[in-house]
Amino acid sequence: MTERPRIAVVVFPGSNDDRDAAWALHALGAEPVLAWHGDEELPERVAGVVLPGGFSYGDYLRCGAIARFAPALDAVRRFAADGGPVLGICNGFQILCEAGLLPGVLRPNRSLEFVCRDVRVRVERADTLLTARCTHGQNLTIPVKHGEGCWYAPDELYAELAGLDQIVLRYEDNPNGSVHDVAGVCNREGNVLGLMPHPEHAVDPLLGPADGAFILASLVDAARDRERAFV
Amino acid sequence: MLQGPGENAGVIDLGDGEAVAFKVESHNHPSAVEPFQGAATGVGGILRDVIAMGARPVALLDGLYFGDPGHMFRRAVAGIGAYGNSVGVPTVGGETRFDPAYRENVLVNAMCVGLLPAERVTRAKARTAGHTIVLYGATTGRDGIGGASVLASQELDDESSEKRPSVQIGDPFTGKKLIEASLELVERGLVESLQDCGAAGLASSLSEMASEMGIDVHLDRVPLREPDLEPWEIMISESQERMVAVVRADMLEAVEAVCAHWELPCTRIGEVTDTGELRAFHDGEVAGSIPARLLTDECPRYEVEREPRAAEPHAWSEPTRDDPNVESKEWIFRQYDQLVGSRTVRRPGLDAAVLRLRPSLRGLAVSLQGPRLGERDPYRAGAQAVLGAALNVACAGGEPLGLTDCLNFGNPEKPEIGWELERAIEGIAEAAEALGVPVVSGNVSLYNETEGRAIPPTPVVGCVGLVPDVRYVPRGWREGDAIVAANAEGLAAEAALVRFVARVAPLLSLAHDVGDGGVEAALVEAARWSGVGAEVDVPQRARVVLACPPERVGRLGAQFEQIGEVGGTTVLGEIIG
């Protein structure tokens, strides 16, 4: 059994925060491995997956619309179906929505402008694999940086998701106009989480707020538990 | 200094095996004609200059001079964001100025800062005959043909909008792949030299590479975006996102594999020779030939006529608080990714940004600054830009190490503009000398005129400085801090002030230089940045305001007049927070 659980960071051409995510995961006790978008299998012994921020394939179409066809996404689908923890950050969240692994869509920001600033998000569920280190109602300060982060779902779908407790994070100061201030959602099983804020940019206290560590450390814990279960 | 002027960017040794490459460049004329693509490709171009040195770009800064904060300006900001955000390089600072003098001739200057191991500085010039010339990146088309000559080297007029087809179109996705592929080529030692394909396309990059040897290029091998380009069009096309490398025979396959991994076309288009000639072939026939040095070191030079202009009074007016030049610029930099790369210790908004040189605790302070708004004296403009950029770096805790300059001027064929250029260069040189800091790279943008009206002399200067320990970067004044002010007039005194501020910065909670808005505006900016108000008696003159816990004032090692104390929710009648 290794001390550091292996977590794959899937790199698409156009991924920007892949190295940042790997650096933050390493700082929090994981062994990050970069996985290439064209690979049909995840690297060996991977116990967690991150889809990082960026502009996969340039995102000249709807964000994530091409990435969902990547061979690596099939591997991520199988991994998620097996209960493995998957975290989609920003572009990763967009890809998970496009791939049908998470509900809803991400639209251009209401302001029609890119926005980069710290936001406060409220933790609505602390009982998912990827928020286990948080407490219910906790406020986290984490930066956002996106042009298309306005999460949307029609009323009926939103009501269903709220009823099933799939809304995990909400903005206290909504930067993009998402419906009901949604900042992050999970799948029904709770092992796939997507969020627009960048937890990997809120780990080193010298660079600003460090609350992102609550979420990434939850992922590292979940990966460690999964690894133990398989040994 | 590891590399001075004459290459794609200057490089300075940071110690501990690290080095920094940086340069500022203009993209004024294209931005005047089409601000979004003009600004976007300006960012793309300066990124490739830094990549060509073998460095990973870690920061972008922009100097934006516009008539007003209207549509043109907003499109330029959007263009900068569209490129910089997409390629994963943070935009961490710069300067924005609004003045009717720039209404017809906007200025978009972009600066890029990159990091590389000190022993791995990559250069452009080919050195061994027989090596292969490889073109990789985007395909070549008719876009941007004559960008450097049709647009950049002429005055603007009524017909300028018809020149929109001469503006290049940026493709940040290919730009991002080009960055990653180029760094992989350099890190694995697969290329002998690298050159970006910028203004004047292959003609310019190949002649710079060939200047000490010779190059034969086969234009029919260049992958085209559309059929039937004439050889001369292929030679000068400014299609973006292309790089040229010199590769040893035994490395060719590895180079091609790297490009294939990043899904970039990669073509062997020629070879290095020892003829001294740059020869272009098309279907086996010589389409053109010229001794390479005639296009570089031995190009024709002409003496610019210089005639002093009658001393003009400066044109600055007392700014009001609602002047867009004094108002917060947050709405601009909020549109830029400031964080990617996980190095940004101090974000944009005040003086200079600071990037952590991970994993160490050292940092880089970076700034970009022009002369005082309305300055009409070219010598003073040059000196002000240098001292201002250096003081910004010092205020963020950095010891200035190097400078880069972009000279934005009118038509140099006019004797008074020739004189302006000469005087501005003297101002830059003397201020740099007073600081003891080298100017390692730069760029000129001339012909910034419309219907005979030139822009004011606008030398824009970038400064890079070393922060010994990022834990002690001044981050904002705190309740109870003492506020002191320091003044300096004249080159020697201002240079001494820069050195002083850099030295005492670790003792300070805040340092902020006094800009166009005067001392009052500087105090309001400092309070906004810190989120705390202050009680102050505004001094008549000051170059910099400093804040620190009262017990530390004595340790600053100089006599200061305390002008106030931090506290409360207002400063000078402005509500903070």
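Model, not experiment: these values are computed from the prediction. Order of the sequence lines fixes the chain letters, A, B, ..., with proteins taken first and strands second; residue numbering starts at 1 for each chain.
- For A:Ser15, the part lying near chain B is the backbone, with the side chain staying farther off; criterion is any non-hydrogen pair under 4.5 Å.
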Point to revise | Test side chain to side chain contact (heavy atoms under 4.5 Å, CB included) applied to A:Phe55 and B:Val87, step by step | key: CA-CA 8 Å; A:Phe55 291 74; B:Val87 298; over 6 Å; no

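- Side chain of A:Tyr57 to main chain of B:Phe173: no donor-acceptor pair is present (N/O by atom type, distance under 3.5 Å, no hydrogens or angles).
- For B:Leu361, the part lying under 4.5 angstrom from a heavy atom of chain A is the side chain only.
- Applying a 4.5 Å heavy-atom cutoff, the residues of residues 347-359 of chain B that approach chain A are B:Arg347, B:Arg356, B:Arg358.
- The aromatic rings of A:Trp36 and B:His261 lie parallel to each other, their planes meeting at an angle below 30°, with 60° marking the opposite boundary.
- The CD atom of B:Glu330 sits 10.0 Å away from atom SG of A:Cys116, with the distance rounded to the nearest 0.5 Å.
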Exercise for review: Under the side chain to side chain contact (heavy atoms under 4.5 Å, CB included) rule, what do B:Arg74 and A:Glu113 come out as? Steps first, then yes or no, please.
Suggested key: CA-CA 10 Å; B:Arg74 285 167 187 273; A:Glu113 281 174 358; 4.1 Å; yes

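- To the nearest 0.5 Å, atom NE2 of residue A:His201 and atom OG1 of residue B:Thr344 are 8.5 Å apart.
- Interface residue A:Asp204: only side-chain heavy atoms are found under 4.5 Å from chain B.
- Heavy-atom distances place both the backbone and the side chain of A:Asp118 under 4.5 Å from chain B.
- In this structure, A:Arg62 places its CZ atom where only 12 or fewer heavy-atom neighbours from other residues, nucleotides or ligands lie under 6.0 Å away.
- In this structure, A:Arg110 places its CZ atom where only 12 or fewer heavy-atom neighbours from other residues, nucleotides or ligands lie under 6.0 Å away.
- Across every non-hydrogen atom of B:Lys177 and A:Pro13, the tightest pair is CD-CB, 4.0 Å.
- When side chains are defined from C-beta on, B:Pro172 counts as touching A:Tyr60, because their heavy atoms get closer than 4.5 Å.
- Residue B:Ser86 touches chain A through both its backbone and its side chain, counting heavy-atom pairs closer than 4.5 Å.
- Counting heavy atoms from C-beta outward, A:Val115 and B:Gln335 have side chains that stay 4.5 Å or more apart.
- Here the CG atom belonging to B:Leu339 is positioned 9.5 Å from the CD atom belonging to A:Glu200, to the nearest 0.5 angstrom.
- Counting only distance, with no hydrogens or angles, the side chain of A:Asn16 and the backbone of B:Asn85 share a donor-acceptor pair below 3.5 Å.
- For the atom pair A:Leu206 CG and B:Arg343 CZ, the distance stands at 14.5 Å (nearest 0.5 Å).
- Across A:Asp20, A:Asp17, A:Val203, the residue that shares the most heavy-atom pairs under 4.5 angstrom with chain B is A:Asp20.
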